[in-house]
Amino acid sequence: MQGLQLATCDRALAPGGGAPEWVHLLPDGHMKGRDGREFELADPGALVLAFQSDGIDLPIDYEHQNDKPEARLSGPVPAAGWIKELRAAEGGLWGRVEWTATASEMIGRKEYRYLSPSILFHPKTRQIVKLKGADLVHNPNLYLTALASQENTMLPAHKPQQSEGVELAAELAKMFNLPPDTPVADLLGKLAELVKPTPDPAKFIPVAAVQEMLRNRNTELSLNRQQRMTAKVQKAIQDNQLTNGMRDWAQALCESNESAFDEFCEKVGPTIAQFFKPVENAGWNNLQKLQAKTYDDSPLEQTICEQLGLKPGSLSN
């Protein structure tokens with residue numbers, strides 16, 4: 001990591017017993033080692049997230065050989081164990097270690113009594129940003145919880161005492177002028193309302209108002225369209241392009257596919273209109289015209305009367 005520096009901070013192991021599963025790696029907050037160096041661990045959880053993001057176990061070796069180039073070049077650097085899991089709990093950062101058989105026996109025989117974490121930190125702020133690993137050493141530096149021998153379990157995460165929660169609830173109830181026995185859920189709801197930002201009405205419109213406006217607009221458009229379709233079908237019926245019995249079918253077609261309705265009226269409408277025209281009888285109409293015609297006393301009339309055996313002037317009666 002660019003701009004970061006490496007440091008090792010030794011810590012004591014408890015006497016007796018075997019190697020513990022959970023080990024205390026770093027205290028939280030400000031720390032000062034026996035050598036005078038100072039560091040800051042403001043957020044143990046950030047180191048846990050970095051470890052989980054990398055996705056690999058961290059090594060525990062002997063005497064920081066892994067941090068010394070000359071040791072790595074001279075031959076194998078055996079591991080004493082592997083940090084399999086990190087947790088931020090009471091006291092700082094803890095790690096679950098899978099020890100090798102050799103390291104476990106050496107710790108049990110007190111051949112190694114101290115654990116030293118290897119860290120990366122910012123040179124200006126002294127802020128610890130990452131755990132690089134740890135080592136079994138002989139000389140402690142940091143004042144940390146010793147590795148337990150009889151109870152080698154990780155300390156539980158810190159939880160507020162119940163009395164603290166009761167006092168906080170009482171203070172919140174007092175602040176909101178509510179009864180002292182007000183349920184915590186109601187107090188939290190009041191607190192959420194208090195911290196919830198109020199939008200500027202000049203810049204934001206309530207979502208409910210916009211949704212109602214859209215619903216009304218859609219309803220209006222749908223009603224207008226239906227009225228227009230109904231008027232269009234009625235006109236086609238008046239123009240004899242459709243029969244009155246076709247009204248419901250035509251209405252459904254026009255609402256679902258207006259272009260198909262227009263095409264039907266254009267192509268089929270004229271044929272339907274022919275059925276509404278009156279039927280003419282040419283012979284009867286000609287006879288009516290002949291009967292309605294008047295004749296004067298002309299040579300033609302005389303000739304016709306003679307041929308039919310009628311008296312002259314009969315055609316004029």
Side-chain angles (χ1 to χ4, degrees), residues 49 52-53 55 176 183-317:
L49 292 177
Q52 294 173 345
S53 177
F176 294 122
V184 176
D186 295 343
L187 295 175
L188 293 177
K190 286 286 186 181
L191 186 61
E193 293 177 2
L194 185 64
V195 300
K196 184 178 180 181
T198 303
D200 185 356
K203 298 180 179 179
F204 301 96
I205 301 176
V207 175
V210 175
Q211 291 176 339
E212 182 180 4
M213 179 180 65
L214 292 176
R215 284 194 298 268
N216 293 339
R217 179 59 176 168
N218 290 335
T219 301
E220 182 181 358
L221 290 175
S222 178
L223 182 61
N224 291 342
R225 183 176 185 276
Q226 186 176 14
Q227 292 175 346
R228 185 172 63 85
M229 298 295 102
T230 301
K232 195 169 188 177
V233 172
Q234 180 63 30
K235 186 176 185 307
I237 293 175
Q238 292 175 350
D239 293 344
N240 294 331
Q241 293 179 324
L242 300 171
T243 66
N244 195 53
M246 300 169 68
R247 182 186 297 274
D248 293 341
W249 167 83
Q251 182 76 25
L253 176 62
C254 190
E255 292 179 3
S256 62
N257 193 335
E258 186 176 0
S259 61
F261 173 82
D262 293 339
E263 184 179 1
F264 177 87
C265 291
E266 180 183 353
K267 294 183 177 180
V268 184
T271 302
I272 297 177
Q274 294 295 326
F275 292 97
F276 290 93
K277 292 182 178 181
V279 179
E280 296 183 356
N281 189 322
W284 174 255
N285 290 340
N286 292 336
L287 179 59
Q288 287 179 329
K289 293 178 181 179
L290 181 61
Q291 290 179 342
K293 185 177 182 180
T294 58
Y295 296 91
D296 52 7
D297 191 13
S298 62
L300 177 60
E301 180 182 1
Q302 294 177 4
T303 303
I304 293 175
C305 289
E306 291 177 357
Q307 293 292 330
L308 296 177
L310 300 175
K311 294 180 179 181
S314 297
L315 296 179
S316 300
N317 297 332

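In this text the structure is predicted, and so the values were computed from the model without any measurement.
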Looking only at heavy atoms, the pair that brings L253 and F261 closest together is CD2-CA, 3.9 Å
Between D186 and K190, is there a salt bridge with N-O shorter than 4.0 Å?
no
Does some side-chain heavy atom of E255 sit less than 4.5 Å from a side-chain heavy atom of R225?
yes
Determine, for K232 against E258, whether the closest basic-nitrogen to carboxylate-oxygen distance falls under 4.0 angstrom.
yes
Find the distance between CG (L242) and CD (Q234) and round it off to the nearest 0.5 Å.
10.0 Å
Walk me through whether W249 and V233 qualify under side-chain contact (heavy atoms from CB on, under 4.5 Å).
CA-CA 10 Å; W249 167 83; V233 172; over 6 Å; no
Could you walk me through whether T243 and I272 satisfy the side-chain contact (heavy atoms from CB on, under 4.5 Å) test, starting with their C-alpha distance in whole Å, then the side-chain angles of each, then the deciding distance to 0.1 Å, before giving a yes or no?
CA-CA 8 Å; T243 66; I272 297 177; 4.2 Å; yes
Any chance you could lay out the side-chain contact (heavy atoms from CB on, under 4.5 Å) test for T230 and Q227, step after step, and finish with the verdict?
CA-CA 5 Å; T230 301; Q227 292 175 346; 5.7 Å; no
Output for pair (S256 OG, M229 CE), nearest 0.5 Å, gives 10.5 Å
Check for a donor-acceptor pair, side chain of R217 on one end and backbone N or O of E212 on the other, with a separation under 3.5 Å.
no
S53 (side chain) donor-acceptor with L49 (main chain) under 3.5 angstrom:
no
Minimum heavy-atom separation for C265 to A236, with atom names?
SG-CB, 4.1 Å
Distance-only donor-acceptor check, side chains N218 and R215, under 3.5 Å:
no
About how many Å separate CG of D262 and CG of N257, when rounded to the nearest 0.5 Å?
9.0 Å
Below 4.5 Å, heavy atoms only, C-beta onward: do V268 and E263 meet side chain to side chain?
no
